[in-house]
There are 2 protein chains.
Amino acid sequence: MSSDAHSILDRMLCFEVYSTEHAFARLYKALLAPYGLTYPQFLVLVLLWEQCPQTVNGLGGQLGLQSSTLTPLLKRMEKAGLVVRTRDPEDERRVRVSVTAAGKALRANVHDIGRCVADATGMEEAELFDLMRSLRRLRGGLQGSVLTGVSLSD
Amino acid sequence: MSSDAHSILDRMLCFEVYSTEHAFARLYKALLAPYGLTYPQFLVLVLLWEQCPQTVNGLGGQLGLQSSTLTPLLKRMEKAGLVVRTRDPEDERRVRVSVTAAGKALRANVHDIGRCVADATGMEEAELFDLMRSLRRLRGGLQGSVLTGVSLSD
DNA sequence: AGACATTAAATCGCACGCGATTAAATCACA
DNA sequence: TGTGATTTAATCGCGTGCGATTTAATGTCT
């Protein structure tokens with residue numbers, strides 16, 4: 001590949017991923033604000049709607065988040081009455097996070113958010129599936145590289 | 001489309017975009033850390049390498065960032081000696097941001113970062129171009145929706 | 001010229017997100 | 001049994017990112 005093509009690719013990849021990710025987060029933020037939910041809080045709720053209770057690391061693994069991010073986030077959700085956090089009697093190191101009745105109640109309210117976002121993309125269903133497939137490949141590659149310690153000297 | 005397909009689409013879109021965006025940012029963070037650069041700081045530098053000086057809003061427009069984010073970021077970059085901020089004599093409301101010699105010098109050091117990231121994706125050039133085309137479409141749709149005030153009641 | 005609107009940055013409070021460290025519980029193994 | 005390694009959360013400091021507000025400079029309209 002020519003050096004020019006590389007420069008263009010690099011430049012585009014950089015800015016496109018950066019600005020798209022923020023545009024996406026902003027849309028979700030706007031849709032969730034009426035319910036007092038942030039985007040990451042919403043994602044935690046989705047996971048707890050599917051399976052409850054879950055440990056902090058269990059949630060973190062699915063979201064790619066550290067306990068240093070999740071602990072304060074979960075405390076805010078607990079203060080808001082959406083979840084409860086209790087030490088696991090089986091293993092006192094673990095904290096079991098459970099969704100409350102109030103947290104479950106939100107499920108109906110935000111049921112159409114995903115649909116709403118899909119509409120907002122202005123893209124066809126098939127195109128969105130392709131995009132997600134590419135993103136999954138991209139994410140897989142990136143995560144592998146971080147693990148193997150990619151550096152500029154490679 | 002069936003309700004099930006919708007649920008799956010919603011769920012996937014949500015988590016895929018969220019975790020991919022963070023994986024991408026983490027990789028850039030790791031690659032830039034040796035140079036004391038954060039990812040958004042790097043993006044500002046790239047813009048200034050292409051055109052200098054630029055106003056705060058000019059940079060913000062290209063990155064999708066507000067002055068409330070850029071002002072402290074630019075101050076940190078100024079303290080690090082990468083840029084200088086001066087009021088525009090033509091219009092004292094504007095702040096002109098210029099890259100310093102030290103900021104320019106970094107260009108050679110991080111020249112291969114984009115290439116490195118492209119390698120890390122494990123994807124072919126053509127596939128990456130397709131992905132970026134999809135992302136551009138996605139971003140366009142999202143930004144349009146935010147402007148027109150999408151809500152769940154629509 | 002004077003009054004009001006508009007624009008550009010800056011400021012503030014809040015919520016992530018991470019790396020590094022710490023504290024407590026559990027595990028492993030001699 | 002007991003001692004050191006491992007695992008799990010929590011804590012801390014720093015850097016984004018945003019909405020709302022503020023301040024200063026400029027534009028506009030009479």
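Excluded from the calculations below are hydrogen atoms, water molecules and symmetry mates; all remaining heavy atoms, backbone and side chain alike, are included.
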Margin query: Rounded at 0.5 Å granularity, tell me how far CZ in B/Arg93 sits from CG in B/Asn57.
Written below: 10.5 Å

Next item on the list: Please report, rounded to the nearest Å, how far the P atom of D/dG17 is from the CG atom of B/Leu74.
Entry: 12 Å

Note to self: I want to confirm an ordering. Mapping A/Glu21 and A/Thr55 to their closest nucleotides on DNA chain D, which one lands closer to the 5' end?
What the structure shows: A/Thr55

Margin query: Is A/Ser67 close enough to D/dA9 that one of its side-chain N or O atoms is under 4.0 Å from OP1 or OP2 there?
Written below: no

Check: So, A/Asp112 and A/Arg115, do they make that salt bridge, N to O below 4.0 Å?
Finding: no

Next item on the list: Verify the contact: side-chain N or O of A/Lys75 to OP1 or OP2 of D/dT11, cut-off strictly under 4.0 Å; return yes or no.
Entry: yes

Margin query: At 4.0 Å (heavy atoms only), tell me whether A/Ser68 reaches a base, stays on the sugar-phosphate, or touches nothing.
Written below: base

Check: Are B/Glu92 and B/Arg87 ion-paired here, with the side-chain N under 4.0 Å from a carboxylate O?
Finding: no

Next item on the list: Examine the side chains of B/Arg96 and B/Thr55 and answer whether a donor and an acceptor come within less than 3.5 Å of each other.
Entry: no

Notebook entry, point to check: How long is the line joining CD of A/Gln54 and P of D/dA9, in whole Å?
Noted result: 11 Å

Checklist line | Distance in Å, B/Arg133 CZ paired with B/Arg137 CZ, rounded so as to fall on 0.5 Å steps | finding: 10.5 Å

Notebook entry, point to check: Is B/Gly60 touching bases, backbone alone, or none of the nucleic acid, heavy atoms closer than 4.0 Å?
Noted result: nothing

Next item on the list: Identify whether any heavy atom of B/Gly58 sits under 4.0 Å from a base atom; if not, whether one sits that close to sugar-phosphate; answer base, sugar-phosphate or nothing.
Entry: nothing

Checklist line | Nearest-neighbour nucleotide for the B/Pro40 side chain, C/dC12, D/dG17, D/dG15 considered | finding: D/dG17

Margin query: For A/Asn57 and B/Gln41, find the nucleotide of DNA chain D closest to each by heavy atoms; which residue's nucleotide sits nearer the 5' end?
Written below: A/Asn57

Check: Nearest of D/dA10, D/dT16, C/dT26 to any side-chain atom of B/Thr38?
Finding: D/dT16

Notebook entry, point to check: Please give, in whole Å, the distance from D/dC18 P to A/Leu37 CG?
Noted result: 19 Å

Notebook entry, point to check: If you check every side-chain atom of B/Arg93, which of D/dT16, D/dA10, D/dA24 has the closest atom?
Noted result: D/dA24

Check: B/Val117, B/Val110: one ILVMFWY side-chain cluster at the under-4.5 Å cut-off?
Finding: yes

Check: Rounded to the nearest Å, what distance is computed from the NE2 atom of residue B/His22 to the C1' atom of nucleotide C/dC18?
Finding: 10 Å

Notebook entry, point to check: Between C/dA15, C/dA8, C/dT26, which nucleotide gets closest to the side-chain atoms of B/Arg94?
Noted result: C/dA8

Notebook entry, point to check: Could you give the OH-to-P distance, from A/Tyr39 to D/dT16, as a whole number of Å?
Noted result: 22 Å

Next item on the list: Using a cut-off of strictly less than 4.0 Å, decide whether B/Lys79 has a side-chain nitrogen or oxygen near OP1 or OP2 of D/dG15.
Entry: no

Next item on the list: Quickly work out the B/Gln66 CD to D/dT22 C1' distance and round it to whole Å.
Entry: 16 Å

Next item on the list: Among the candidates D/dC18, C/dA10, C/dC16, find the nucleotide nearest to the side-chain atoms of A/Arg76.
Entry: C/dC16

Margin query: Just the rounded figure in Å: distance from P of C/dA9 to CD of B/Glu90.
Written below: 14 Å

Next item on the list: Scan B/Phe42 against the nucleic acid and name what it touches under 4.0 Å (heavy atoms): base, sugar-phosphate only, or nothing.
Entry: nothing

Next item on the list: Send over the distance from A/Leu63 CG to C/dC18 P, rounded to a whole Å.
Entry: 10 Å

Check: Which of the following nucleotides, C/dA9, C/dA15, D/dG17, is nearest to the side chain of A/Arg26?
Finding: D/dG17

Notebook entry, point to check: Of the nucleotides C/dC16, C/dA9, D/dA9, which has the atom closest to the A/Arg87 side chain?
Noted result: D/dA9

Next item on the list: Please indicate whether B/Glu50 has more than 12 foreign heavy atoms, meaning atoms of other residues, nucleotides or ligands, lying under 6.0 Å from its CD.
Entry: yes

Notebook entry, point to check: Counting any heavy atom closer than 4.0 Å, what does B/Arg96 reach on the DNA or RNA strands: base, sugar-phosphate only, or nothing?
Noted result: nothing

Checklist line | side-chain N/O B/Tyr28 vs C/dG17 OP1/OP2, d < 4.0 Å | finding: no

Notebook entry, point to check: Nearest to the side chain of B/Leu65 - D/dC18, C/dA8, D/dA10?
Noted result: D/dC18

Next item on the list: Could you check whether B/Thr69 gets within reach of a base, just the sugar-phosphate, or nothing at all, counting any heavy atom under 4.0 Å?
Entry: base

